[in-house]
2 protein chains.
Amino acid sequence: MATRTRQSQRRTDALSRERIVEAAVELLDAAGETGLTVRALTERLATGPGTIYWHVGNRGGLLDAATDAVVAAALATEPAGAPDTPQDEIRAVALGLFDAIAAHPWLATQLATQLSRSPWGAVTPRIFESIGRRVQALGVPEGHWFTATSALVHYILGAAGQNAANARVLGSEADRAEFLDAASKAWEELDPDDYPFIRAVADQVREHDDREQFLGGIDLILTGVTTLHLPAHDPGEPGRRPSPEIRPGAAGGSGTSAAGPRRPRS
Amino acid sequence: MATRTRQSQRRTDALSRERIVEAAVELLDAAGETGLTVRALTERLATGPGTIYWHVGNRGGLLDAATDAVVAAALATEPAGAPDTPQDEIRAVALGLFDAIAAHPWLATQLATQLSRSPWGAVTPRIFESIGRRVQALGVPEGHWFTATSALVHYILGAAGQNAANARVLGSEADRAEFLDAASKAWEELDPDDYPFIRAVADQVREHDDREQFLGGIDLILTGVTTLHLPAHDPGEPGRRPSPEIRPGAAGGSGTSAAGPRRPRS
DNA sequence: ACCTGAACACCGTTCAAGT
DNA sequence: ACCTGAACACCGTTCAAGT
């Protein structure tokens with residue numbers, strides 16, 4: 001399924017922007033960001049560079065379009081039917097992005113780049129909107145909407161990217177233990193005087209389950225979100241608690257584990 | 001101070017790895033990641049490409065070294081003297097990275113790339129270690145160390161990167177309102193049916209203060225961290241609260257605004 | 001409207017040769 | 001040990017020319 005040799009037989013149908021983007025995603029999946037070159041695309045689609053530029057502008061536009069397509073597909077898998085709690089929906093959206101980034105590791109860098117180039121580009125608003133709406137639904141006061149959504153989105157993209165980096169190296173499931181072992185070995189080789197924390201945490205990393213760990217972070221932030229807003233709180237100064245009391249049942253807490261994500265591997 | 005024309009006069013002193021990295025940082029600051037080319041370096045240092053490769057290997061190594069140098073400098077500015085709470089120290093480290101990324105916008109993409117390529121590279125462990133040690137000091141149970149540190153680090157790098165992207169566009173302080181205005185205008189132009197959340201949040205963004213907003217996110221996560229671990233909690237399943245009760249004063253709460261960061265602009 | 005392909009400027013990297 | 005600079009393979013992009 002990977003190496004369709006399309007280049008020798010002549011195309012009869014017209015080339016479209018979608019077909020070019022599709023081929024770009026295939027190249028990116030196969031060889032990462034550096035694998036997407038105009039020339040490689042040109043061969044795969046049996047055409048000339050001019051065609052690419054006519055349809056998608058330049059390489060940057062192509063990367064944006066590929067990113068957009070994959071993220072849109074991931075976000076489109078909305079929870080079918082059953083009305084979940086906002087927390088569960090946030091977990092579902094987060095896991096959807098987590099899996100998309102695991103399947104397309106180039107997405108991580110691409111999304112980060114897009115966020116720190118033109119934050120109001122094509123894909124980013126979609127992600128913000130999807131998470132932000134659920135933050136609203138949690139009952140978070142308006143003054144915290146942006147902060148809470150930012151914390152969730154940045155964690156999702158960052159943690160998923162880091163996971164994809166690990167996952168990419170190991171291919172088969174058999175390599176997994178070996179790789180994680182090597183990684184935590186590398187950690188343990190760091191100077192114990194300079195890196196006591198990392199050495200202490202190395203064992204946890206070796207034994208953790210990716211998705212469970214990821215969701216743990218989501219729940220941590222959700223707990224912060226639902227805990228932080230107090231009745232007598234001034235929204236004008238977000239994130240500063242004027243008093244140390246915490247209202248217990250705020251907006252449902254972080255998770256009853258209901259509609260919990262399908263258990264991952266074994 | 002920017003355009004020292006070093007290229008015409010002959011060097012008398014030997015070239016060192018540090019001088020090359022220093023020049024690389026200058027190029028990156030001036031023209032971003034694409035501004036760092038071996039040829040540009042070659043001109044600035046009045047030497048040939050062979051010299052660069054002899055000292056630093058390849059372009060990737062140069063980028064890593066530049067990132068490492070800037071981040072190390074940012075982390076080295078540890079709180080002098082006064083014994084702060086772990087929360088305040090985390091805020092200080094976070095602000096240090098925030099400012100470093102604001103001063104060197106290319107750092108954001110670079111750190112993200114480095115994290116999602118070899119997460120156990122050169123710089124990343126330093127950041128993890130710096131934050132992780134304070135998470136330990138908060139009294140977080142060992143099972144949550146990695147999750148809590150990940151949430152903080154990913155938020156810090158992601159939010160700082162997004163801020164740097166905004167800040168870069170506007171140069172002078174006068175442009176600021178104009179730019180934020182344009183940005184939130186762009187948001188408001190989005191289809192109201194597809195993007196109700198973003199439209200609703202646009203005004204907040206226009207009026208927010210960067211650093212205050214950033215710290216709000218830190219406090220939100222810190223609240224989650226200190227709230228989530230309950231006495232009767234099983235560390236084996238991180239992030240899932242077995243019961244909806246919340247212990248009030250957990251480990252100090254999120255912040256009394258003591259030792260608060262120097263107030264930003266006006 | 002859509003496609004071709006030669007051509008251009010630029011890039012990272014190598015390496016034989018110098019001191 | 002350190003530096004030079006010509007050379008190579010490759011890249012994104014343009015554009016006159018075709019259908």
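Naming: A, B, ... by sequence-line order, numbering from 1 per chain.
- Across the protein-nucleic acid pair, B:Glu18 atom CD and D:dC2 atom P stand 12 Å apart, rounded to whole Å.
- What separates CD of A:Glu33 from P of D:dC11 is a distance of 13 Å, to the nearest Å.
- In this structure, B:Arg19 atom CZ and D:dC2 atom P are separated by 15 Å, rounded to whole Å.
- Distance, B:Ile20 CD1 to D:dT4 C1': 14 Å, rounded to whole Å.
- By the side chain to side chain contact (heavy atoms under 4.5 Å, CB included) test, A:Ala40 is found to be paired with A:Leu27, A:Thr37, residues two or more places apart in sequence or in another chain being considered.
- B:Tyr53 pairs by the side chain to side chain contact (heavy atoms under 4.5 Å, CB included) definition with B:Val38, B:Asn58, not counting sequence neighbours.
- As rounded to whole Å, 14 Å separates atom P of D:dT4 from atom CD of B:Glu43.
- Legend: residues meeting salt bridge (Lys or Arg N to Asp or Glu O under 4.0 Å) with B:Asp29, ordered by chain and number and at least two apart, are absent.
- The CD1 atom of A:Ile52 sits 14 Å away from the P atom of D:dC11 (whole-angstrom rounding).
- A gap of 12 Å separates the C1' atoms of D:dC11 and C:dC8, to the nearest Å.
- Take A:Ala103 and apply the side chain to side chain contact (heavy atoms under 4.5 Å, CB included) test, not counting sequence neighbours, and it matches no residue.
- For B:Arg59, the side chain to side chain contact (heavy atoms under 4.5 Å, CB included) test picks out B:Glu33, B:Leu36, B:Leu63, with sequence neighbours left out.
- A:Leu36 comes within 4.0 angstrom of the backbone, heavy atoms only, and of no base.
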I'd like a list of close polar pairs between nucleotides 13-15 of chain D and the protein, N/O only, cut-off under 3.5 Å.
unit_1, atom_1, unit_2, atom_2, d
D:dT13, OP2, A:Tyr53, OH, 2.8
D:dT13, OP2, A:Arg59, N, 2.9
D:dT13, O5', A:Tyr53, OH, 3.2

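- Proximity of A:Leu157 to B:His154: side-chain heavy atoms (C-beta onward) are nowhere separated by under 4.5 Å.
- Listed nucleotides D:dC3, D:dC2, C:dC3 differ in distance to B:Trp54; the shortest reach to its side chain belongs to D:dC2.
- The salt bridge (Lys or Arg N to Asp or Glu O under 4.0 Å) search around A:Asp64 returns A:Arg117, not counting sequence neighbours.
- The interatomic distance linking B:Leu45 (CG) with D:dG5 (C1') rounds to 16 Å, in whole Å.
- Between A:Phe214 and A:Tyr155, the ring center distance clears the sub-6.0 Å criterion.
- For B:Glu18, there are no salt bridge (Lys or Arg N to Asp or Glu O under 4.0 Å) partners, not counting sequence neighbours.
- Atom CG in B:Leu62 sits roughly 15 Å away from atom P in C:dC11 (whole-Å rounding).
- Scanning DNA chain C for stems, defined as runs of 3 or more consecutive Watson-Crick or G-U wobble pairs whose donor-acceptor distances all fall under 3.5 Å, gives the following ranges: C:4-8 with D:12-16, C:12-16 with D:4-8.
- For the pair A:His55 and C:dC3, the criterion of a side-chain N or O lying under 4.0 Å from OP1 or OP2 is met.
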